[in-house]
Trainee: 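The structure follows.
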Amino acid sequence: MDRYLVFGHPVRHSKSPFIHTLFARQTQQELEYGLAEPAVDEFAQALRTFFDQGGKGCNVTVPFKEQAFTLVDRLSPRAKRAGAVNTIKLTDDGVLLGDNTDGAGLVADLKSHGVTLADNRILLLGAGGAARGALAPLLAELPSELVIANRTHTKAQKLAAEFHDLGPVTAQTYEQLAGSFDLVINSTSASLQGELPPLAPALIHTDIAIYDMMYGASDTAFISWAKQHGARQTMDGLGMLVEQAAEAFTVWRGIRPGTKQVLRELKRNLGVI
């Protein structure tokens with residue numbers, strides 16, 4: 001039976017085995033999917049051993065995505081742009097192909113919620129790996145403007161300059177933010193600590209769409225804050241998790257699984273309210 005894994009540290013909390021088992025059942029694919037939690041300095045060896053022993057593909061999560069970028073034989077265009085790899089496939093000719101499905105998962109989830117990206121003004125909070133992975137897929141949807149805001153402004157400036165060839169992307173400080181945004185995406189990990197990015201409440205209005213890449217059994221701190229200030233459409237990153245997994249499954253198996261029922265099962269599994 002074909003074997004797949006998710007590498008991370010820590011990774012025992014991962015829902016990837018649950019998701020991919022449902023995908024396999026749905027598409028009638030015979031595979032098994034497990035967890036691997038090597039020590040941070042043992043990832044390279046663990047990855048090689050997995051494929052030497054017949055592994056077919058894997059997902060890679062924190063803190064190994066940037067390291068995986070350097071370990072594969074070939075990179076997809078979106079992995080090159082993201083500077084990180086979250087999906088690896090052993091091709092038929094024995095090549096380790098590195099891909100990044102995070103941005104595609106984000107865009108797919110936004111569209112599933114009816115969010116329009118074309119000709120709209122997008123605010124992306126954060127300039128780390130999650131933001132980097134999202135930028136190219138977001139810009140491919142032809143927004144009127146994409147603004148990056150980050151606590152360290154120079155990091156946002158560097159990221160905007162790197163992706164400027166793909167569309168109208170700029171960097172602003174939180175204090176500089178003004179005007180009306182159609183969509184705000186929080187790519188920071190602040191919600192994991194129950195914290196908020198320093199966004200002015202005046203930027204929130206009833207017609208804005210709010211997306212937090214983090215998720216939990218209840219609203220994240222950012223989503224709760226946005227609702228308190230009048231946002232009517234709010235979304236967390238659970239759908240992105242399922243959509244990026246579906247994209248990875250497609251890379252590995254050549255068949256696209258459906259996501260709606262799997263997302264419902266995942267919410268039930270997590271006890272999402």
Trainee: Drop me the distance from D109's CG to M213's CE, to the nearest 0.5 angstrom.
Mentor: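 Going from CG on D109 over to CE on M213, the span is 10.5 Å.
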Trainee: Please check this pair: side chain of T250 against backbone of G254, looking for a donor-acceptor N/O pair closer than 3.5 Å.
Mentor: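 Checked: no pair found.
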Trainee: Go through the structure and list residues passing side-chain hydrogen bond (donor to acceptor under 3.5 Å, both in side chains) with Q261, not counting sequence neighbours.
Mentor: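 Here the qualifying residues are R264, E265.
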Trainee: Would you please name every residue forming a side-chain hydrogen bond (donor to acceptor under 3.5 Å, both in side chains) with T152, sequence neighbours left out?
Mentor: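 Counting only residues at least two positions away or on another chain, T152 forms no side-chain hydrogen bond (donor to acceptor under 3.5 Å, both in side chains).
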Trainee: Sequence neighbours excluded and cut-off under 3.5 Å, please list the side-chain donor-acceptor pairs for residues 65-74, or say none.
Mentor:
residue, atom, partner, partner atom, Å
K65, NZ, D102, OD2, 2.8
T70, OG1, Q67, O, 2.7
D73, OD2, L96, N, 2.8

Trainee: Between CD of E30 and CG of D2, what distance do you get to the nearest 0.5 Å?
Mentor: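 It is 9.0 Å, given to the nearest 0.5 Å.
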Trainee: Are the side chains of L266 and K15 in contact, using a 4.5 Å heavy-atom criterion?
Mentor: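 Of all side-chain heavy-atom pairs linking L266 with K15, at least one is under 4.5 Å.
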Trainee: What residues form a side-chain contact (heavy atoms from CB on, under 4.5 Å) with A39, not counting sequence neighbours?
Mentor: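 side-chain contact (heavy atoms from CB on, under 4.5 Å) list for A39, sorted by chain: D41, E42.
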Trainee: Applying side chain to side chain contact (heavy atoms under 4.5 Å, CB included), run through T87 and N100 and close with a yes or a no.
Mentor: CA-CA 6 Å; T87 300; N100 191 302; over 6 Å; no
Trainee: State, yes or no, whether a side-chain contact exists between Q233 and V115 at a heavy-atom distance under 4.5 Å.
Mentor: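 The answer is yes, as the side chains (C-beta and beyond) meet within the 4.5 Å cut-off.
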Trainee: Which residues pass the salt bridge (Lys or Arg N to Asp or Glu O under 4.0 Å) test with D165, sequence neighbours left out?
Mentor: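 For D165, the residues satisfying salt bridge (Lys or Arg N to Asp or Glu O under 4.0 Å) (neighbours in sequence not counted) are R81.
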Trainee: So, do L31 and R3 sit near enough that their side-chain heavy atoms are less than 4.5 Å apart?
Mentor: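 The answer is no; the side chains never approach within 4.5 Å.
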Trainee: Is a donor on one side and an acceptor on the other found under 3.5 Å between the side chain of E37 and the backbone of V11?
Mentor: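 The answer is yes, because a donor-acceptor pair under 3.5 Å joins these two groups.
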Trainee: Using a distance-only test with no angle check, is there a side-chain donor-acceptor pair under 3.5 angstrom linking D99 and S76?
Mentor: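 The criterion, which ignores hydrogens and geometry beyond distance, is satisfied for S76 and D99.
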Trainee: Kindly work out whether a path of hydrophobic side-chain contacts (I/L/V/M/F/W/Y, heavy atoms less than 4.5 Å apart) joins V60 to L90.
Mentor: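 They do share one cluster, since a chain of ILVMFWY contacts under 4.5 Å joins V60 to L90.
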Trainee: Identify all side-chain donor-acceptor contacts of residues 125-141 below 3.5 Å with residues at least two apart in sequence or on another chain.
Mentor:
residue, atom, partner, partner atom, Å
R132, NH1, E162, OE1, 3.3
R132, NH1, E162, OE2, 2.6
R132, NH2, E162, OE1, 3.1
E141, OE1, K111, NZ, 3.0
E141, OE2, K111, NZ, 3.2

Trainee: Mind listing the closest non-hydrogen atom pair of I148 and A156 along with its distance?
Mentor: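 Looks like CG2-CB, 3.8 Å.
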Trainee: Between OG of S180 and CG of L123, what distance do you get to the nearest 0.5 Å?
Mentor: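 These two atoms lie 11.0 Å from each other.
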Trainee: S14: which residues meet the side-chain hydrogen bond (donor to acceptor under 3.5 Å, both in side chains) condition with it, sequence neighbours left out?
Mentor: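 side-chain hydrogen bond (donor to acceptor under 3.5 Å, both in side chains) list for S14, sorted by chain: S16.
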Trainee: Mark yes or no for whether W252, through its side chain, and I88, through its backbone, hold a donor-acceptor pair below 3.5 Å.
Mentor: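 Such a contact is found between W252 side chain and I88 backbone.
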Trainee: Look only at the side chain of K155 and the backbone of N150, and say whether a donor-acceptor pair between them is shorter than 3.5 Å.
Mentor: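 Checked: no pair found.
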Trainee: Identify the heavy atoms of A171 and A160 that sit nearest to each other, and give their distance.
Mentor: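 Smallest interatomic distance, heavy atoms only, reads N-CB, 4.0 Å.
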Trainee: Are L146 and L117 connected, step by step, through hydrophobic side chains (Ile, Leu, Val, Met, Phe, Trp, Tyr) whose heavy atoms are closer than 4.5 Å?
Mentor: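 In one cluster with L146: L117, yes.
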Trainee: Can you pull the ring-ring contact (aromatic ring centres under 6.0 Å, His included) pairs that have at least one residue in residues 28-47, sequence neighbours excluded?
Mentor: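 Listed once each, the pairs are F7-F43, H20-Y33, F43-F64.
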Trainee: To the nearest 0.5 Å, tell me how far Q244 CD sits from T259 OG1.
Mentor: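 Here the interatomic distance stands at 12.0 Å.
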Trainee: Within a radius of less than 6.0 Å around NZ of K56, do more than 12 heavy atoms belonging to other residues, nucleotides or ligands occur?
Mentor: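 No.
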Trainee: Rounded to the nearest 0.5 Å, what separation is found between the CD atom of Q29 and the CZ atom of R253?
Mentor: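 One finds 4.5 Å between CD of Q29 and CZ of R253.
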Trainee: Is the number of heavy atoms from other residues, nucleotides or ligands within 6.0 Å of CG (D93) greater than 12?
Mentor: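 Yes, CG of D93 has more than 12 neighbouring heavy atoms, counting only those of other groups under 6.0 Å.
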Trainee: Counting distance only, does the side-chain N/O of N120 pair as donor-acceptor with the main-chain N or O of T116 below 3.5 Å?
Mentor: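 Flag set: sc N120 to bb T116 pair under 3.5 Å.
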Trainee: So does Y215 get a backbone contact from the side chain of D236, meaning a donor-acceptor N/O pair under 3.5 Å?
Mentor: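 No, D236 side chain to Y215 backbone: no donor-acceptor pair under 3.5 Å.
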Trainee: Which heavy atom of P257 sits nearest to which heavy atom of F23, and what is that distance?
Mentor: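 So the two residues come closest at CB-CD2, 3.5 Å.
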Trainee: Can you hop from V147 to V184 via hydrophobic side chains spaced under 4.5 Å?
Mentor: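 Same cluster.
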Trainee: Any side-chain heavy atom of C58 within less than 4.5 Å of one from F50?
Mentor: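 Yes, side chains in contact.
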Trainee: Would you say the side-chain atoms of E243 pair up with the backbone N or O of L110, donor to acceptor, closer than 3.5 Å?
Mentor: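 Looks like no, no N/O pair under 3.5 Å.
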Trainee: Decide side chain to side chain contact (heavy atoms under 4.5 Å, CB included) for I19 and F249; before the verdict, give the C-alpha distance in whole Å, the side-chain angles of both, and the deciding distance to 0.1 Å.
Mentor: CA-CA 10 Å; I19 293 168; F249 193 92; over 6 Å; no
Trainee: When you measure from the side chain of H9 to the backbone of P38, do you find a donor-acceptor pair of N or O atoms at a distance under 3.5 Å?
Mentor: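 Such a contact is found between H9 side chain and P38 backbone.
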Trainee: Taking only residues two or more places apart in sequence or in another chain, which ones pass salt bridge (Lys or Arg N to Asp or Glu O under 4.0 Å) with E247?
Mentor: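 So E247 forms a salt bridge (Lys or Arg N to Asp or Glu O under 4.0 Å) with R78, R256.
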Trainee: Side-chain contact, heavy-atom cut-off 4.5 Å: P143 with D119?
Mentor: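 No, too far: nothing below the 4.5 Å cut-off.
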Trainee: Examine L166 and I122 and state if one hydrophobic cluster contains both, with Ile, Leu, Val, Met, Phe, Trp and Tyr joined whenever side-chain heavy atoms are less than 4.5 Å apart.
Mentor: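 Hydrophobic grouping puts L166 with I122.
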Trainee: Quick check: does any side chain N or O of N86 sit under 3.5 Å from a backbone N or O of T101, one acting as donor and the other as acceptor?
Mentor: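 Such a contact is found between N86 side chain and T101 backbone.
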Trainee: Quick one: name the residues clustered hydrophobically with L142, using the 4.5 Å side-chain heavy-atom rule over I, L, V, M, F, W, Y, and just say none if it's on its own.
Mentor: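 Its cluster mates, by chain and number: none.
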Trainee: Before you tell me yes or no, could you show the steps for D219 and K227 under side chain to side chain contact (heavy atoms under 4.5 Å, CB included), namely the whole-Å CA-CA distance, both residues' side-chain angles and the distance that decides it to 0.1 Å?
Mentor: CA-CA 10 Å; D219 285 345; K227 284 182 175 179; 2.8 Å; yes
Trainee: Could you give the distance from CD1 (I255) to OG1 (T27), rounded to the nearest 0.5 Å?
Mentor: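 Nearest 0.5 Å value for the CD1-OG1 distance: 5.0 Å.
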Trainee: Is a side-chain donor-acceptor pair under 3.5 Å present for T49 with Q53?
Mentor: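 Their side chains do not contain a donor-acceptor pair, so the 3.5 Å distance test is not met.
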Trainee: Which residue pairs pass the ring-ring contact (aromatic ring centres under 6.0 Å, His included) test when at least one of the two sits in residues 153-205, sequence neighbours left out?
Mentor: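 Residue pairs with at least one partner in residues 153-205: there are none.
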Trainee: Please tabulate, for side-chain N and O atoms in residues 188-201, each donor-acceptor pair with protein atoms closer than 3.5 Å (sequence neighbours left out).
Mentor:
residue, atom, partner, partner atom, Å
T188, OG1, N186, OD1, 2.7
T188, OG1, A190, N, 3.4
S191, OG, D212, OD2, 2.6

Trainee: What residue among L270, N269, V262 forms side-chain contact (heavy atoms from CB on, under 4.5 Å) with F18?
Mentor: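 Result for side-chain contact (heavy atoms from CB on, under 4.5 Å) with F18: N269.
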Trainee: Would L241 and L35 show up in the same hydrophobic cluster when neighbours are defined by side-chain heavy atoms closer than 4.5 Å?
Mentor: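 Cluster IDs for L241 and L35 match.
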